[in-house]
Amino acid sequence: MRVFLVDDHAVFRSGVRAELGRESDMEVVGEAGAVAEAVAGIAAARPDVVLLDVHMPDGGGVAVLHGIEQGPVCLALSVSDAAEDVIAVIRAGARGYVTKTISGPELADGIRRVAGGDAVFSPRLAGFVLDSFTGRSPAPEPPLDPELDSLTPRELEVLRLLARGYTYREIAESLFISVKTVETHASNVLRKTQQSNRNALTRWAHRRRID
C-alpha cells in the first residue's frame, strides 16, 4: 500500500514514516511540507492513501484536496479536533479524520480501512460530520462570500502569502512557481476581490481572517 505524507513538521513526518515502516504491507512513497509541493508530489508518486495535515502555513489540507485529482484516498491527521476543521476537510473530499494522539498501529489500521472504502474517525469526531449533514452542526456555516468563493485554490494560496507580507519572489519560492506566475495570480486576486492595491487587499484578507 503506497502512502504519501503531508505535514509541515519534518520531525513529525519522520516519526510517521518510522511507524509505518514497521508495517509489512505499507510503503511511504513521498512526503511534502507545503501545499504546492504536496500537489506536485502526489501527482508524481500516485499513492493509494494520503495522510494529510489540516493546518499548514500556505493553505492546509483543504487546499491540497482542491488541488489534486481524484485517485488517492485522503485521511486527515491533525492536532485539531475542532468541529469546523473536521467538517471542512470531509466536505473537501477526505475519507476520514484522526488526531495526532493516535498510536502507530491504530494509524496503520486507519490507513488500511480508508483504502478499503471505510470512513475512519477518531472517537467523537464522527458526530461532527453526522451533525453537519443533519443540520445540527455545532460549527456555524460560513457566510456566503462571492468574492472569496471566486478565487481558485492557487489564488487563495497567493492571497494568504500576500496578506502575511511575502514578496512576489518569496511567494514564488514557497509555491515553486515563477515570479511572473505570482504576478498573474495577484492581478487576478485584485480583480476578483475588487481591491485597488496590495494594502487594500491585505486589509480585506485580514477582515476575513485569511492569513
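Model, not experiment: these values are computed from the prediction. Throughout, numbering of the chain's residues begins at 1 and tracks the sequence.
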Colleague: Evaluate the side-chain contact (heavy atoms from CB on, under 4.5 Å) criterion for residues Trp204 and Val189: first the C-alpha distance (whole Å), next the side-chain angles of each, then the deciding distance (0.1 Å), finally the verdict.
Modeller: CA-CA 11 Å; Trp204 182 92; Val189 170; over 6 Å; no
Colleague: So among Arg13, Met56, Glu31, which one has a side-chain contact (heavy atoms from CB on, under 4.5 Å) with Val6?
Modeller: Met56
Colleague: For the hydrophobic clusters of this structure (ILVMFWY residues joined by side-chain heavy atoms under 4.5 Å, transitively), does one cluster hold both Leu201 and Val179?
Modeller: yes
Colleague: For Pro72 versus Val50, what's the shortest heavy-atom pair and its separation?
Modeller: CB-CG2, 3.8 Å
Colleague: How many angstroms lie between CG in Asp7 and NE2 in His55, if you round to the nearest 0.5 Å?
Modeller: 12.0 Å
Colleague: Could you give me the CA-CA distance, side-chain angles and deciding distance for Ser78 and Asp85, then say whether side-chain contact (heavy atoms from CB on, under 4.5 Å) is met?
Modeller: CA-CA 9 Å; Ser78 176; Asp85 289 334; 5.6 Å; no
Colleague: Within a 6.0 Å radius of atom OH on Tyr168, are there more than 12 heavy atoms belonging to other residues, nucleotides or ligands?
Modeller: yes
Colleague: Atom NE2 of His66 and atom CD of Glu157: how far apart are they, to the nearest 0.5 Å?
Modeller: 11.5 Å
Colleague: Met1: which other cluster members, linking ILVMFWY side chains closer than 4.5 Å, directly or transitively?
Modeller: Val3, Leu5, Phe12, Val16, Leu20, Met26, Val28, Val49, Leu51, Val73, Leu75, Leu77, Val98, Ile102, Leu107, Ile111, Val114, Val120
Colleague: Assess whether side-chain contact (heavy atoms from CB on, under 4.5 Å) is satisfied between Cys74 and Phe4, documenting all intermediate values.
Modeller: CA-CA 9 Å; Cys74 294; Phe4 194 99; over 6 Å; no
Colleague: Checking Arg112 now: which residues fulfil salt bridge (charged side-chain N to carboxylate O under 4.0 Å, His left out) with it, not counting sequence neighbours?
Modeller: Glu23, Asp25
Colleague: If you look at every heavy atom in Phe176 and Ala36, which pair is closest and at what distance?
Modeller: CD1-CB, 4.3 Å
Colleague: If you measure from the Lys or Arg side-chain nitrogens to the Asp or Glu carboxylate oxygens, is any gap between Glu183 and Lys180 under 4.0 Å?
Modeller: no
Colleague: I need the Ser14 OG to Glu19 CD distance, nearest 0.5 Å.
Modeller: 12.0 Å
Colleague: Could you tell me whether a side-chain N or O of Arg198 sits under 3.5 Å from a main-chain N or O of Leu162, the two making a donor and an acceptor?
Modeller: yes
Colleague: Looking at CD of Glu27 and CG of Asp48, how far apart are the two atoms once the value is rounded to the nearest 0.5 Å?
Modeller: 10.0 Å
Colleague: Working to the nearest 0.5 angstrom, can you tell me the gap between Leu52 CG and Ile68 CD1?
Modeller: 7.5 Å
Colleague: Within the supplied structure, the quantity of interest is the number of heavy atoms (other residues, nucleotides, ligands) at a distance under 6.0 Å from Arg169 CZ; does it exceed 12?
Modeller: no
Colleague: With a 3.5 Å cut-off and no angle check, do the side chains of His9 and Asp53 form a donor-acceptor pair?
Modeller: no
Colleague: Do Arg154 and Asn188 have side chains that get closer than 4.5 Å, going by heavy atoms?
Modeller: no
Colleague: Output, in order, the C-alpha distance, side-chain angles, deciding distance and verdict of side-chain contact (heavy atoms from CB on, under 4.5 Å) for Leu161 and Leu175.
Modeller: CA-CA 10 Å; Leu161 296 179; Leu175 299 181; 4.0 Å; yes
Colleague: When hydrophobic residues are tied together by side-chain contacts of less than 4.5 Å, even through go-betweens, does Leu190 share a cluster with Ile171?
Modeller: yes
Colleague: Give, for atom CD1 of Ile87 and atom CD1 of Ile90, the distance between the pair rounded to the nearest 0.5 Å.
Modeller: 9.5 Å
Colleague: Side chain to side chain donor-acceptor pair (under 3.5 Å) with Thr99: which residues, sequence neighbours excluded?
Modeller: Thr101
Colleague: Of the non-hydrogen atoms in Val54 and Ala76, which two are nearest, and what is the gap between them?
Modeller: CG2-CB, 4.0 Å
